[in-house]
Amino acid sequence: MDILATLNPAQRKAVEAVKGPILILAGPGSGKTKVITHRVAYLVKLCGVSPHNIMAVTFTNKAAREMRERLEQLLRQAAEALSLGTFHSIGARILRREGKAIGLDSSFVIYDEDDQLRLMKQVLEELNLDPKQYAPRALRSAIGAAKSRLISPEGYAPRVSNYFEEIVHRVYQHYQQLLSRSRAVDFDDLLMKTVQLFQDHPQILNRYQSRYVHILVDEFQDTNIVQYMLMKQLTGKHRNLCVVGDPDQSIYSWRFADLRNILSFEKDYPEAKVVFLEQNYRSTKTILKVASDVISANIQRKPKELWTENEDGTPVTIIKSYSAEEEAQSVVSEIEKLTIHEQLSFKDCAVMYRVNAQSRALEETFLRYGVPYKLIGGTRFYQRREIKDVIAYLKLIHNPHDNVSLTRIINVPARGIGPRTLSQLQSWAKAHDTSLFEALKQVSHPYSVGTKQSLPPRIVQTLAGFDALISELTAQSHKLSLSDLVNEILKHTGYREYILDKEGGEEKWENIMELRSVAGEYDELDPEEALAAFLEKVSLVSDIDELDEKADAVTLITLHQAKGLEFPAVFIVGLEEGILPHRKSFDDPEQMEEERRLCYVGITRAKKRLYLLRSYRRSLFGGSTANPPSRFLKDISPNLISPRDLWEETPTSVASRNFNLDSQSSPQPLNTLTLKVGDHVCHNKFGPGIVMNCNPTKDDQELTVAFEQAGVKKLLASLAPLEKIEKDFDFSA
DNA sequence: CGAAAGGCTCTTTTT
DNA sequence: GAGCCTTTCG
């Protein structure tokens, strides 16, 4: 098979320029992934480079997996030897191997944001700082900012210029101390410590530099400074660095991604070639024009012209509604139309939003109308409390020094170890500069080392019991398969009863069973290896990684997570001032430009149909607010918009769509009325509602109606004082 | 010590 | 509206 045959001239150039650095600026839908995979295949098959000598870095694990799959098709078995992964997974891999050199135990655990915050609270407590005055999240973020710029606690000292930074400095130092006491690293450490390792140990770096003859980086516009440094280190010898990105799709500045990396690249690699990929293969001309209308308003931007040979396509549809619920209903009814009239299936449709909270109204409506959907993100699976609890047990078994995990589950389920006891353990651990687990062991067996007996015997006994529990599980972990180990944990801790007792316990238990079956995928491995591999995966996965393309269901996803995906039909909801653009960006022009890019990312996911939705009112929490339409909508040329949905309604439609709030206008007599699922009704007593289910009986209908105020009721159509309400209405007047 | 209740704050995006 | 923290009572 000819690797170059299916490429256009620009793509071909990007693939063939294998010597030296290259910057590929690739617009959306321009075949960027294709270029990367084909470049790798070209290197292996035509240039004779061993896959062992190639590294490709992606933004998500899912992207890495897909790339591996594609390369397996191109390269067969040779693909196995490629190094593919995210920056974080690559950092983790290197640190597991080489961490010893910087005093890092190879069984270190990785702390996610939740763990970090718990640790941060511990830090504040030990430093006698008030968490109300110094928000743990703000401190965490400040430390993350420092780490992303490769600033160590020592390096932070000279940069301190105000009192808050003074605090950050102290907190940062102590935070790192507690991390190391727990033999843990956080997400940012995976990158920073790797770079530090290479800085301090040139001979180790040298090995990796020699190995990686070719390095490719995807989504380069979203890399931060540490990531850039890491690439620079690794390519120090061969300088064959290929970066692919699109400044217009840079949407992660809040994760300290730095667009200046593109400038740095041109400075650090002056010999770099630059290739532009501007032909779009994904979208219709109309969609591309809409995207261009929106993004062109950014000032801090190099103009570029995307073009396509695709057809003009349908005008984009702008739909406004009265509430988030109405908005969701519009989405559902449009999706129904698409599936009936345009041969699209549910899986071809995606609904995108700015904040996860928006998914709720969508979900409820999708459930109500029986439209299948898959929700990406939201309360992420691995962040659910019950899941984190079970994982905490596993982490503790793997690394007993992990204080955050121990603190998490020492009294879950409740076993009589309260805050007082815990705090005593903590003082002991702090005094001896050791982990809580060590403290627990010493304190619960006081006679073995002659420690002063300062705890009441009953507590000592309880602690000893917990110690015995963990020891027993640890012993089991060497013999049992991973899923059996999970079973043992659930059994010995009484977690099952504990969780089933709770509100919504069934669902939580299901989640745990789901986790167990994921664990089961590691059952073939040797127990210790399985546990390590499983924890590594669990620490580094994101939800997008789990997106199942096969299921025929609509995708609900944030705009951020949608980057890199494409769908025949895309709905972007919440195009309102305050949502998209988010109000947090109002006072910062740079952030506002990022909001615009985010909108651009959403638009350019669409292949054939694009719907932009805006709601007149939205209740985001507590009271509802009226939001003006998003400024981004105003930038779209009117001739690209489907006329029936322009802002101004025609007189007839205004009349016919008048919403029936005071139930004066033409109530329809009920007995002649057959209601169907999704119809809006108004009840004399219960007020407005929506029909959720219809059960036809002999000559009647049994209805299940969800009322806005009164909740879900079952009613008989013939008896209930119901009126039908026209669904389409308009409030803009 | 633990469960339940009330009060508080904060709401962006994620490897 | 939720999640977290504190308070209160058993």
Side-chain angles (χ1 to χ4, degrees), chain A residues 57-64 85-92 110-114 116-118 121 130-132 135-138 140-141 144 147-148 185-191 219 222-224 226-227 250-257 352-361 376-380 382-385 411-422 456 458-459 462 498 501-503 536-545 557-563 574 578-586 588 591 594-595 597-599 601-602 619-625:
Chain A
V57 189
T58 57
F59 195 69
T60 63
N61 294 298
K62 173 169 174 275
T86 62
F87 277 104
H88 291 87
S89 68
I90 285 167
I110 301 166
Y111 281 175
D112 66 12
E113 183 166 340
D114 183 62
Q116 289 180 53
L117 287 174
R118 284 164 180 266
K121 284 173 194 155
D130 179 7
K132 292 210 176 83
R137 297 179 59 145
R140 191 207 67 88
S141 166
K147 288 182 174 178
S148 81
V185 301
D186 66 17
F187 267 125
D188 305 311
D189 283 340
L190 290 176
L191 307 173
E219 307 285 8
D222 284 321
T223 53
N224 63 28
V226 199
Q227 292 168 336
S250 158
I251 54 175
Y252 281 92
S253 71
W254 49 275
R255 233 168 66 187
F256 315 111
M352 301 177 186
Y353 37 84
R354 178 65 176 82
V355 302
N356 279 307
Q358 288 173 264
S359 70
R360 195 193 180 110
I376 314 298
T379 318
R380 292 183 261 295
Y382 289 103
Q383 308 216 144
R384 289 171 199 270
R385 186 144 43 165
N411 205 30
V412 176
R415 50 174 76 88
I417 306 175
R420 262 180 73 85
T421 311
L422 187 58
R458 230 191 41 159
I459 302 285
T462 315
Y498 163 78
D501 245 22
K502 292 198 170 300
E503 181 114 359
E536 184 96 353
K537 174 204 157 97
V538 160
S539 303
L540 296 173
V541 284
S542 65
D543 279 11
I544 186 80
D545 298 338
I557 194 170
T558 64
L559 287 160
H560 281 91
Q561 294 190 108
K563 191 177 66 160
I579 306 290
L580 183 62
H582 195 273
R583 54 172 56 78
K584 289 246 166 182
S585 64
F586 281 172
D588 181 346
Q591 279 198 44
E594 182 150 319
E595 296 291 306
R597 292 194 291 270
L598 194 53
C599 186
V601 166
S619 51
L620 259 187
F621 56 116
S624 73
T625 48

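Labels below follow one simple rule: chain letters A, B, ... track the order of the sequence lines, proteins then strands, and each chain is numbered from 1.
For the pair A/Gly416 and A/Ile251, both in contact range of DNA chain B, the more 5′-proximal nearest nucleotide belongs to A/Gly416. Along DNA chain B, the nucleotide nearest to A/Ile459 and the one nearest to A/Arg137 differ in position, and the one closer to the 5' end is contacted by A/Ile459. Of the two residues near DNA chain C, A/Arg360 and A/Asp114, the one whose nearest nucleotide lies more 5' is A/Arg360.
Phosphate proximity of B/dC1 to A/Arg458: absent, as no side-chain N or O sits under 4.0 Å from OP1 or OP2. Side-chain nitrogen and oxygen atoms of A/Gln561 include at least one within less than 4.0 Å of the OP1 or OP2 phosphate oxygen of B/dT14. Between A/Asn224 and B/dT15, a side-chain N or O to OP1/OP2 separation shorter than 4.0 Å is absent. Applying the 4.0 Å criterion to OP1 and OP2 of C/dG3, one finds that A/Arg385 has every side-chain N and O outside that range. In this model, the phosphate group of B/dT14 is approached by a side-chain N or O of A/Thr558 to a distance below 4.0 Å at OP1 or OP2.
Here A/Asn411 lies in heavy-atom contact (under 4.0 Å) with sugar-phosphate atoms only. Contacts of A/Arg583 with the nucleic acid, taken as non-hydrogen atoms under 4.0 Å apart, are absent. At a threshold of 4.0 angstrom between heavy atoms, the contacts of A/Ser585 with the nucleic acid are absent. Using a 4.0 Å heavy-atom distance criterion, A/Lys121 is classed as a sugar-phosphate-only contact. In this structure, A/Arg597 reaches neither bases nor backbone, as no heavy-atom distance under 4.0 Å exists between it and the strands shown. Nucleic acid contact for A/Arg415: sugar-phosphate only, since backbone atoms but no base atoms lie under 4.0 Å from a heavy atom of the residue.
Distance CG (A/Asn61) to C1' (B/dT14): 12 Å, rounded to an integer number of Å. Separating the CG atom of A/Asp130 from the C1' atom of C/dT6 is a distance of 14 Å, rounded to the nearest angstrom. If you measure from atom CD of A/Gln383 to atom C1' of B/dT14, you get 9 Å, rounded to the nearest angstrom. Here the C1' atom of nucleotide B/dT15 and the CD atom of A/Glu219 are 13 Å apart, to the nearest Å. The OH-C1' distance, from A/Tyr353 to B/dT14, rounds to 14 Å in whole Å. Rounded to an integer number of Å, the gap from A/Arg420 CZ to C/dT7 P is 16 Å. Distance, A/Lys147 NZ to B/dT14 C1': 17 Å, rounded to whole Å. The distance between atom CZ of A/Arg140 and atom C1' of B/dT15, rounded to the nearest whole Å, is 11 Å.
A/Ile376 and A/Gln561 get closest at one heavy-atom pair: O-NE2, 3.4 Å. For A/Ile110 against A/Ala92, the heavy-atom pair with the smallest separation is CD1-CB, 4.4 Å.
Proximity of A/Trp254 to A/His560: side-chain heavy atoms (C-beta onward) are separated by under 4.5 Å at one or more points. Taking 4.5 Å as the limit, every side-chain heavy atom of A/Glu219 sits out of range of all side-chain heavy atoms of A/Tyr252. For the pair A/Leu559 and A/Val601, the minimum side-chain heavy-atom distance is 4.5 Å or more. Put simply, the side chain of A/Lys147 does not reach to within 4.5 Å of the side chain of A/Val226, judged on heavy atoms. At least one side-chain heavy atom of A/Arg415 sits less than 4.5 Å from a side-chain heavy atom of A/Asn411. At a threshold of 4.5 Å between non-hydrogen side-chain atoms, the residues A/Arg255 and A/Asn224 do not count as touching.
To the nearest 0.5 Å, the span separating CZ on A/Phe586 from CD on A/Glu595 amounts to 8.5 Å. With rounding to the nearest 0.5 angstrom, the CD1 atom of A/Ile417 is 8.5 Å from the CG atom of A/Leu422.
Salt bridge absent: A/Asp186 and A/Arg140 never bring a charged side-chain N and a carboxylate O closer than 4.0 Å.
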Dot-bracket notation for DNA chain B, counting Watson-Crick and G-U pairs under 3.5 Å, with | for partners on another strand: ||||||||||.....
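Nearest to the side-chain atoms of A/Glu113 among the listed nucleotides B/dT15, B/dC1, B/dT13 stands B/dT15. Of all nucleotides listed (B/dT13, B/dC1, B/dT15), B/dC1 comes nearest to the side chain of A/Thr421. Candidate nucleotides B/dT14, B/dG2, B/dC1 were compared by shortest atom distance to the side chain of A/Ala414, and B/dG2 ranks first.
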Mind listing the N/O atom pairs, protein and nucleotides 4-9 of chain B, below 3.5 Å?
none

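By the 5.5 angstrom centroid cut-off and the 30-degree plane limit, A/Trp254 is classified as stacked against the base of B/dT13. A stacked arrangement is not assigned to A/Phe87 and the six-membered base ring of B/dT15, the conditions of a centre distance below 5.5 Å and an interplanar angle below 30° not being jointly met.
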